[in-house]
2 protein chains.
Amino acid sequence: MFRINDNFTKLPASYLFSEVARRVNAYSESHPGADIIRMGIGDVTRPLCQAAVEALHKAVDDEAAGETFHGYGPEQGYSFLAEKIARYDYRERGIEIDTDEIFVSDGAKSDTGNIGDILSTANRVAVTDPVYPVYVDTNVMGGRAGDLGADGRWTEIEYLPCTAENGFVPALPVNNPDVIYLCYPNNPTGTTLTRRQLKAWVDYCREHGALLLFDAAYEAFIREEDVAHSIYEIEGAREVAIEFRSFSKTAGFTGIRLGYTVVPKELMGLDEKGNKIALNGLWRRRQTTKFNGASYLTQRAAEALYTEEGQRQVKETIDYYLENARMLREGLAEAGYEAVGGINSPYIWLKTPGTMTSWEFFDYLLNRYHIVGTPGSGFGPSGEGYFRLTAFNTHENTRRCIERLGATDRK
Amino acid sequence: MFRINDNFTKLPASYLFSEVARRVNAYSESHPGADIIRMGIGDVTRPLCQAAVEALHKAVDDEAAGETFHGYGPEQGYSFLAEKIARYDYRERGIEIDTDEIFVSDGAKSDTGNIGDILSTANRVAVTDPVYPVYVDTNVMGGRAGDLGADGRWTEIEYLPCTAENGFVPALPVNNPDVIYLCYPNNPTGTTLTRRQLKAWVDYCREHGALLLFDAAYEAFIREEDVAHSIYEIEGAREVAIEFRSFSKTAGFTGIRLGYTVVPKELMGLDEKGNKIALNGLWRRRQTTKFNGASYLTQRAAEALYTEEGQRQVKETIDYYLENARMLREGLAEAGYEAVGGINSPYIWLKTPGTMTSWEFFDYLLNRYHIVGTPGSGFGPSGEGYFRLTAFNTHENTRRCIERLGATDRK
């Protein structure tokens with residue numbers, strides 16, 4: 001009889017956000033009137049900006065007429081979009097990225113998940129801890145994780161703790177990993193690394209022949225000067241790093257799906273004979289074979305974001321969320337919570353009160369204060385005792401959330 | 001230094017359609033005035049139908065307002081669409097498929113490519129020959145293909161020839177494969193199997209514990225009574241088959257991306273301990289971890305296809321292409337070509353004249369008659385000496401193509 005990929009059977013049954021949803025649904029059902037404020041899942045709440053909406057309507061009309069109809073597009077995305085990305089996301093920041101180094105896709109979750117296809121299953125992986133679960137879970141599926149230990153750590157993955165003790169700055173790896181995932185601005189902690197701090201990682205990867213998978217999905221939230229918008233601002237990064245970008249949080253494209261991945265032509269990995277092979281060609285082969293391009297409509301919408309009007313509207317939306325983040329940060333501080341993030345990020349990462357575990361605090365907030373957040377332990381062992389709140393809500397709900405948090409028992 | 005997936009280095013550098021595009025571009029550049037008729041790549045040419053266009057505009061407006069904005073949707077698709085699929089694509093044909101057996105995605109190419117994620121790399125694969133290259137190439141990437149022999153066959157893949165000699169009906173496998181790909185109506189030959197013929201495959205899979213990956217992307221073209229629209233019309237198929245469906249050819253969604261995959265709950269594979277594991281749960285885990293749902297806009301457009309008006313418009317479009325297919329079939333016969341397909345399919349599969357190879361005939365048609373088709377050998381060794389033409393064009397161009405084919409030298 002045919003065989004399954006056994007690695008799948010190692011994965012714990014429940015995915016973090018499904019478990020959150022399950023508990024919230026159970027509570028709502030038993031308390032129908034409860035006025036629940038959802039600050040859990042990292043999904044945007046503001047509608048698409050006008051520039052994107054207009055571009056979408058126009059693109060739909062393109063699809064409605066024979067002369068302007070677009071069928072299969074290039075699997076790596078239309079050049080009208082790649083050119084805008086190269087110019088506005090990179091060249092204007094002093095970074096040269098060729099359009100054939102840009103691979104437009106249906107989102108960063110797909111790309112960070114699928115990137116393992118082009119890498120050997122023998123590579124050893126390092127992740128910061130806490131971490132976006134997709135990095136770990138996809139490596140479990142790919143056979144690179146080993147077994148799940150009683151401590152919540154996979155035996156073959158190197159965990160780089162980010163906690164209050166080290167100021168949420170991960171130390172460089174000690175086990176010589178081949179592949180390192182970094183996400184900055186960070187999900188879930190909302191913290192950032194300065195250019196100088198990032199330089200240490202690029203240098204490490206160059207020295208040790210490691211691949212840096214840099215997830216910059218939250219780039220649009222950066223407001224401080226010394227925080228890099230792209231890993232390619234760091235010298236030498238083109239030789240070691242793949243960068244993942246998303247329009248989800250930038251422009252609220254979570255529902256219409258778009259992201260892109262940059263694979264510089266200098267970036268090489270070894271084959272079994274010791275030859276250096278360019279990852280750009282491998283990813284192109286992967287995408288042209290297993291993907292058929294992102295929606296024409298969404299690519300047109302993204303193009304419109306790079307107009308002056310589009311940029312202004314994007315900034316307005318992000319500013320709205322950042323104002324929520326500021327309110328949360330200050331409100332939490334006033335209520336006596338220790339919290340980080342929320343400056344260049346929509347995420348606030350707070351220490352749970354006293355000795356409460358993350359899930360205990362989740363249940364406490366849900367049951368007593370009707371606030372939904374995300375338990376830090378869901379992001380990895382070092383997330384235990386922490387809790388994530390997001391800025392993706394209205395000012396009004398954020399204000400009400402803070403009032404309720406002010407009433408919580410901090411002991 | 002980190003290692004790449006060595007299987008990628010085994011893949012021949014050029015992908016069929018890239019090579020076709022390269023030769024066409026080279027010819028166009030050196031012959032700027034040439035009036036080239038493209039009957040090569042299987043992309044639709046008719047605009048989206050009105051029902052889909054209206055639904056798209058409305059969905060864009062949904063995304064433009066806070067109260068109706070849709071962010072992240074369920075990774076496996078919205079229930080509003082799954083319910084329509086279960087009802088109209090299945091229940092009305094007497095097939096019971098639960099909505100939680102339906103996984104909506106950005107297209108059948110992604111799904112047929114990614115399905116390997118949940119299967120052991122030790123499984124042996126069988127494909128019909130000629131075949132859609134994605135099935136083979138993704139198994140090369142996954143390490144299930146062995147090495148490419150001088151005969152154009154991968155050593156670990158079982159090829160099931162479909163040629164004029166066997167009436168394009170593949171024989172059952174002899175090497176006991178674990179995974180069998182079938183695509184009916186077939187790409188590239190345009191042929192079909194009757195329900196009775198399909199039953200033999202389902203029975204074979206049940207008897208041998210093989211998984212049947214059934215690609216029904218061209219289902220909407222079926223017009224004959226004894227051709228199954230779904231593999232689940234065949235008794236026992238729920239225990240052995242995954243079905244892939246696409247809106248690309250049905251409703252011209254090649255540019256806006258949508259497909260779905262059905263994984264019945266009875267379908268089980270073995271893990272290393274010999275336990276039977278349900279594939280439905282594995283695919284759900286794969287999709288929720290490595291995919292973030294198809295575009296809300298496109299899902300709304302697909303929903304609109306299931307209205308009475310939508311169904312009428314879809315049929316109208318398909319009928320238009322089938323009229324091209326009829327013209328091609330009859331025109332080719334009149335010109336003295338042997339050809340199959342084009343009855344329940346947009347594809348016509350013809351024998352090249354005399355001893356011409358597929359690529360020789362490609363160059364001959366391009367250079368002398370300015371017609372672009374697809375060389376049969378690009379679909380596998382048994383495609384050598386054949387050539388694919390598609391019905392995806394205007395009536396006018398199809399007519400002109402036939403006139404030119406009438407002038408070709410059949411000796």
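Labels below follow one simple rule: chain letters A, B, ... track the order of the sequence lines, proteins then strands, and each chain is numbered from 1.
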Interatomic spacing from [atom1] in [X] to [atom2] in [Y] - rounded to 0.5 Å:
| X | Y | atom1 | atom2 | value |
| --- | --- | --- | --- | --- |
| A:Asn5 | B:Thr121 | CG | OG1 | 7.5 Å |
| A:Phe291 | B:Arg257 | CZ | CZ | 7.5 Å |
| A:Ile4 | B:Leu282 | CD1 | CG | 5.0 Å |
| A:Thr9 | B:Lys273 | OG1 | NZ | 6.0 Å |
| B:Arg285 | A:Met141 | CZ | CE | 5.5 Å |
| B:Asp111 | A:Asn292 | CG | CG | 11.5 Å |

Contact leader toward chain B among [options], where contacts are heavy-atom pairs under 4.5 Å:
| options | value |
| --- | --- |
| A:Cys49, A:Gly142, A:Gly269, A:Ala210 | A:Gly269 |
| A:Asp117, A:Asn7, A:Asp62, A:Asp106 | A:Asp117 |
| A:Phe8, A:Phe17, A:Phe253, A:Tyr296 | A:Phe8 |
| A:Lys249, A:Glu67, A:Arg124, A:Gln299 | A:Lys249 |
| A:Pro47, A:Gly293, A:Gly113 | A:Pro47 |

Please state whether the side chain, the backbone, both or neither of [X] comes within less than 4.5 Å of a heavy atom of chain B.
| X | result |
| --- | --- |
| A:Arg286 | both |
| A:Arg3 | both |
| A:Glu75 | side chain |
| A:Ala52 | neither |
| A:Asp271 | both |
| A:Ser248 | side chain |

Considering all heavy atoms, the nearest A:Tyr72-B:Gly42 contact: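 For A:Tyr72 and B:Gly42, the tightest heavy-atom pair comes out as CE1-O, 3.6 Å.
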For the student: nearest non-hydrogen atoms of A:Phe2 and B:Asp178, plus distance: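 Answer, listing the atom of A:Phe2 first, then B:Asp178: CB-O, 3.3 Å.
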Does any part of the side chain of A:Lys290, heavy atoms only, come nearer than 4.5 Å to the side chain of B:Asn114, both counted from C-beta?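 They are in side-chain contact.
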Chain A interface, residue from [options] that has the most non-hydrogen pairs under 4.5 Å:
| options | answer |
| --- | --- |
| B:Leu258, B:Leu211, B:Leu56 | B:Leu211 |
| B:Val134, B:Ile118, B:Asp137 | B:Ile118 |
| B:Thr254, B:Ile41, B:Ile256, B:Thr394 | B:Thr254 |
| B:Asp61, B:Thr112, B:Thr298 | B:Asp61 |
| B:Val60, B:Val53, B:Thr68 | B:Val60 |

Given that the side chain runs from C-beta out, which part of [X] has a heavy atom under 4.5 Å from chain A: side chain, backbone, both or neither?
| X | result |
| --- | --- |
| B:His57 | both |
| B:Ala108 | neither |
| B:Phe69 | side chain |
| B:Ala64 | both |
| B:Asn123 | side chain |

Just by modelled atom types, is the A:Glu272 backbone N or O under 3.5 Å from a matching donor or acceptor in the B:Asp6 side chain?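 Here the side-chain-to-backbone pair exists.
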I'd like to know whether NZ of B:Lys10 has more than 12 heavy-atom contacts from other residues, nucleotides or ligands below 6.0 angstrom.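 Counting neighbours around NZ of B:Lys10, more than 12 heavy atoms of other residues, nucleotides or ligands fall under 6.0 Å, so yes.
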